[in-house]
Amino acid sequence: MRAYLVTVALADLVWELAHLPLYTLWRAGSPSEKLFAVVHCTAGDLLIGLVSLTAGLVLAGHRDWPARRFVIVAVLTLMFGFCYTVFSEWLNVVMRKSWAYSDLMPVVSVFGLRLGASPLLQWLVVPTLALCAGRRFGLMPAPNPGTRKEGT
């Protein structure tokens, strides 16, 4: 879980910084507004990632996860995060107009809505990397305390 969350936090921070020019805030916002948006969105992404994985584990996890039932938990995690992102983009871009895409944002049609490709792709790429990191570190054998050398 730690490896998953650290990966989500770091990768989403990088992603938020990289796709900031795809929003109108890039040109219209002050440096402090941009900083707030990046920090706020990264924290939100971390929360979405945590809730998505937790829901996947509750619904399909096994006590030996990630060694067992990894794929179904991963699919559910990606599905929850992606669906929430579709909802959030619709709510904040279309309904509330809390943020807007710049002309640089590629848009795609999802469920009949024209939404930004970058945030949708983010919720496929970042959690996939994080799940792989979580699996890698989750499958590593725990250190055997009986093999420690004296003085270390």
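Both backbone and side-chain heavy atoms feed into the values below; hydrogens, waters and symmetry mates do not. Throughout, numbering of the chain's residues begins at 1 and tracks the sequence.
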* Measure the shortest side-chain to side-chain distance between L57 and M1 over non-hydrogen atoms and say whether it is less than 4.5 angstrom. => yes
* To do: Decide side-chain contact (heavy atoms from CB on, under 4.5 Å) for I48 and W123; before the verdict, give the C-alpha distance in whole Å, the side-chain angles of both, and the deciding distance to 0.1 Å.
  => CA-CA 10 Å; I48 297 164; W123 277 99; 3.7 Å; yes
* To do: Test L78 against T128 for side-chain contact (heavy atoms from CB on, under 4.5 Å), laying out the working first.
  => CA-CA 7 Å; L78 292 171; T128 299; 3.6 Å; yes
* Asked: Does any non-hydrogen side-chain atom of L5 lie less than 4.5 Å from one of L50?
  -> yes
* To do: Check whether V94 and F82 end up in the same hydrophobic cluster, where Ile, Leu, Val, Met, Phe, Trp and Tyr are linked by side-chain heavy atoms less than 4.5 Å apart.
  => yes
* Taking the side chain as every heavy atom from C-beta outward, state whether L20 and K34 have any atom pair closer than 4.5 Å. => yes
* Could you check if a side-chain atom of Q122 sits within less than 4.5 angstrom of a side-chain atom of E16, using non-hydrogen atoms only? => yes
* Looking at side-chain heavy atoms only, is the closest gap between L91 and F87 below 4.5 Å? -> yes
* Asked: With a 4.5 Å limit on heavy-atom distance, are the side chains of Y4 and C132 in contact?
  -> no
* Give the C-alpha distance, both sets of side-chain angles, the deciding distance and a yes or no for side-chain contact (heavy atoms from CB on, under 4.5 Å) between T24 and W99. => CA-CA 7 Å; T24 57; W99 62 73; over 6 Å; no
* **Nearest heavy atoms of A133 and A3, plus distance in Å** => O-CB, 3.8 Å
* Asked: Should Y101 and V107 count as side-chain neighbours, where that means a heavy-atom distance under 4.5 Å?
  -> yes
* To do: Over all heavy atoms of both residues, which pair between T85 and P119 is shortest? Give the atoms and the distance, please.
  => CG2-O, 3.6 Å
* Asked: Looking only at heavy atoms, what is the nearest atom pair of P21 and L104, with distance?
  -> O-CD1, 3.7 Å
* Got a second to check how far D45's CG is from S88's OG, nearest 0.5 Å? -> 9.0 Å
* Could you walk me through whether V86 and L115 pass the side-chain contact (heavy atoms from CB on, under 4.5 Å) check? -> CA-CA 8 Å; V86 168; L115 302 174; 3.8 Å; yes
* At their closest point, which heavy atom of I72 faces which heavy atom of R69, and how far apart are they? -> CG2-O, 3.4 Å
* With distance as the sole criterion, is a donor-acceptor pair present between the side chains of W15 and T42 under 3.5 Å? -> no
* Looking only at heavy atoms, what is the nearest atom pair of A130 and V8, with distance? -> CB-CG2, 3.4 Å
* To do: Establish whether F70 and V58 are linked, either directly or via other cluster members, by ILVMFWY side-chain heavy-atom contacts under 4.5 Å.
  => no
* Report whether L124 and L53 are members of the same hydrophobic cluster (ILVMFWY, side-chain heavy atoms less than 4.5 Å apart, transitive linking). => no
* Between E89 and Y84, is any side-chain donor less than 3.5 angstrom from a side-chain acceptor? -> no
* With H62, which residues qualify under ring-ring contact (aromatic ring centres under 6.0 Å, His included), at least two apart? -> none
* Any side-chain heavy atom of F137 within less than 4.5 Å of one from T7? -> no
* What closest approach, in Å, do S118 and H19 show between heavy atoms, and which atom pair accounts for it? -> OG-ND1, 2.6 Å
* Same hydrophobic cluster for M105 and V110, using side-chain heavy-atom links shorter than 4.5 Å among ILVMFWY? -> yes
* Would you kindly confirm whether W26 and L13 end up in one hydrophobic cluster when ILVMFWY residues are joined by side chain heavy atoms under 4.5 Å apart? => yes
